[in-house]
Amino acid sequence: MDGNEACATVAYHFTDVAGIYPITPSSPMSEKVDEWSAAGKKNMFGQPVRLVEMQSEAGAAGALHGVAEAGALATTFTSSQGLLLMIPNLYIMAGHRMPAVFHVAARSVAQHANNIFGDHQDVMSCRTTGVTMMSTGSVQEVMDLAAVAHLTTIKTRVPFIHFHDGFRTSHEIQKIEVIDLDKVEKLLDRQALEDYHAIAMNPEHPVMRTTVQGPDVYSQSQEANNGAYDSIPAVVEGYMQGINEITGRDYHIFNYYGAKDADRVMVMMGSACECAREVVDYLCAKGEKVGLMQIHLFRPFDMEYFLNALPRTVKKITAMDRSKEPGAIAGAVYLDVCAAFANRSDAPEIYGGRYGLASKDVTPAQLKAVFDNMKDESGKHLFTIGVNDDVTHLSLDVHEPLITESADTVSCKFWGLGSDGTVGANKNSAKIIGDYAGMYTQAYFEYDSKKSYGITKSHLRFSKSPIRSTYLIKAADFLACHSQSYITRYDMIHEIKDGGTFLLNTLWKGEELEQEGQGHPQVDEPGAQAAQQPAAAQGEHQRGRQDHQGRQGQGAPVRPAEQAGIEQGGQGQRLQAEQSHPHQGGSAAGQGVPPG
């Protein structure tokens, strides 16, 4: 399942009323809850969830506030501008100490342009509202930890935002373990739930709320809430320990991964942490002492927990933010890390990085550059990755591509045309292989904002071990092009590994294929090479990639596919890349994958 379905599965169990208004990429969560409610599916209280669609996200948040004041457990699902419309209610609900959960597929917000893709700019706008905020970084984490949001908001009576990365997690299909919600339900603090019901607005025992206060008492009321917020980290950590006992996994409000004696540590949250783990493993295998600190509980940010989770040997830290606040010194994560070490004599050198805005791909090579920047005595203390900043010169230099996925991973990439069925077929393929072939699967789909007829790129990975590669495939064992017009427009052949397979779905045959394959001096994709040679021969554009031997620390580059054979096969022409040099130390996955 994908991240949205995993989140909706857990949320449904703990919800009385869901107030919703759809917005990309969170809409599938609302759709699943609507579908299950209409089918009569029962929540933990033995009744279907009541779902109410309002006129806007502001209305949905208002409905949540009213539902919470009436003593029911309320949930909503939103993103981006939709979340921003809920901010006034977030302040009020936090001030009133009303439990509710906001599940957010984190997304960019409209600034110089509209954008539907994922980063943390929307949730960062909410960090001053007084709500608890927790991040999850994978589909499995969403499934395991979404319940922590519901359990914590009931116990602490503080609204809770649980967010996962839009598209990269919300729409990524993974083979995961479904948590036993009956066991999770036993973690619920029933007395806290009863206490909450007891203060619900009721004409039989009226209460006064939302008063107007003057300077004589307002500040005192604000400070009186300190104890409630001080207790939240321990409550969240306690529920994570309960989830650990159920799942056998190890979750904390701050999870450290890497060398116990690391001298360089990266701090971040969200889906890029999965890629960062691969890079940490790669560098540690080479003898470098590096680590990753993944933030789960972002608000309240508990400095004591954070410092205790860090290795005592750390000399340099880079705090990574997936958001941009124009005019600020740096991002929120950087500022929190700096604050944690303020006035400490053992404070390490702290760097700040920005990455991944609007789902900009975050690759192993980019994250390796972050660790390298800390190693460099003249490294940049504030920087960005993923772009070539030739204006303010903040970007880090990223060298050759780096392959860090497990050696048994089979990577497949499909170029399709919007609405041609490629994406749907690949979703089915991933689920079938995951369910019946005994393999872990990952399916991620790259497409633009157009409704139909745009380019789609399907990225599928299969492995015997869990897949952590939260980045696009640039070196595929199997590459398919489902629209023959692409062959003369886009430089795709360089994305095949040596010994890989290229499948062209085409009406061309024989000499016609050779003639059409000569291409035209027309390139629609920025930065692409003009396709002026037969399609398979474009393998010579491949540069600097590493083969599976490189993953073992050998660092051997992938050689270009210098020759190609064309096998006529009816409507589909299968091009098998033939190497002029033998593949040294390559895995079986690099020898080609049948298109079936």
Side-chain angles (χ1 to χ4, degrees), residues 1-15 28-29 32-33 36 41-44 101 103 105 134-152 162-165 168-188 236-253 255 257 269-278 281 292 294 296 405-406 408-410 427-444 459-470:
M1 66 176 68
D2 63 21
N4 277 336
E5 184 174 356
C7 187
T9 298
V10 176
Y12 192 94
H13 193 71
F14 291 92
T15 299
M29 290 187 280
K32 284 293 182 183
V33 171
W36 295 332
K41 181 178 178 179
K42 303 292 195 298
N43 60 14
M44 64 177 289
V101 177
H103 290 290
M134 182 182 71
S135 165
T136 48
S138 68
V139 181
Q140 185 67 67
E141 284 192 5
V142 172
M143 170 58 71
D144 293 342
L145 297 181
V148 172
H150 293 270
L151 296 168
T152 302
H162 160 234
F163 63 96
H164 54 270
D165 288 0
R168 185 68 258 186
T169 301
S170 68
H171 284 63
E172 178 183 295
I173 296 173
Q174 280 264 14
K175 181 178 181 179
I176 64 170
E177 296 179 16
V178 177
I179 197 167
D180 188 335
L181 290 173
D182 291 332
K183 292 181 179 179
V184 175
E185 185 182 323
K186 295 177 182 178
L187 301 176
L188 176 66
V236 174
E237 178 69 19
Y239 281 129
M240 286 185 174
Q241 293 302 313
I243 296 296
N244 293 343
E245 293 178 7
I246 294 171
T247 64
R249 285 176 278 277
D250 186 34
Y251 296 114
H252 301 279
I253 60 177
N255 271 90
Y257 182 88
M269 57 185 170
S271 60
C273 291
E274 297 292 285
C275 175
R277 284 184 170 86
E278 288 189 355
D281 288 343
L292 165 73
Q294 180 180 4
H296 281 126
E405 61 191 10
S406 60
D408 70 336
T409 299
V410 177
K427 286 182 179 180
N428 290 336
S429 297
K431 292 178 180 179
I432 291 170
I433 292 173
D435 288 340
Y436 300 105
M439 300 184 74
Y440 286 92
T441 65
Q442 179 198 63
Y444 182 73
H459 302 259
L460 274 63
R461 290 184 174 98
F462 307 98
S463 176
K464 292 292 185 181
S465 55
I467 300 169
R468 302 180 301 185
S469 307
T470 51

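The figures here come from the full heavy-atom set of this structure, side chains too, leaving out hydrogens, waters and symmetry mates.
- Here the NZ atom belonging to K464 is positioned 5.5 Å from the CE atom belonging to M439, to the nearest 0.5 angstrom.
- There is no side-chain donor-acceptor pair under 3.5 Å between E245 and Q241.
- We find the CE-CE distance between M134 and M269 to be 12.0 Å, quoted to the nearest 0.5 Å.
- When atom types are taken as modelled, the side chain of Y12 and the backbone of K41 share a donor-acceptor pair closer than 3.5 angstrom.
- Looking at K183, its side chain never comes within 3.5 Å of a backbone N or O of I246 through a donor-acceptor pair.
- The side-chain hydrogen bond (donor to acceptor under 3.5 Å, both in side chains) test applied to Q140 returns D144, not counting sequence neighbours.
- No donor-acceptor contact under 3.5 angstrom links the side chains of E405 and Q442, judged on distance only.
- Side-chain atoms of H459 never come within 3.5 Å of backbone atoms of Y444 as a donor-acceptor pair (strictly under, hydrogens ignored).
- Atom NZ of residue K175 and atom OH of residue Y440 lie 6.5 Å apart, to the nearest 0.5 angstrom.
- H150 pairs with exactly one of H13, H103, H162 by the side chain to side chain donor-acceptor pair (under 3.5 Å) rule, that one being H103.
- Side-chain contact annotation: T247 with E177, donor-acceptor N/O pair under 3.5 Å absent.
- When all heavy atoms are compared, the tightest approach of E5 to W36 is O-CH2, 4.3 Å.
- The side-chain hydrogen bond (donor to acceptor under 3.5 Å, both in side chains) search around T15 returns T75, not counting sequence neighbours.
- Between the side chain of S271 and the main chain of R168, no donor-acceptor pair closer than 3.5 Å is present.
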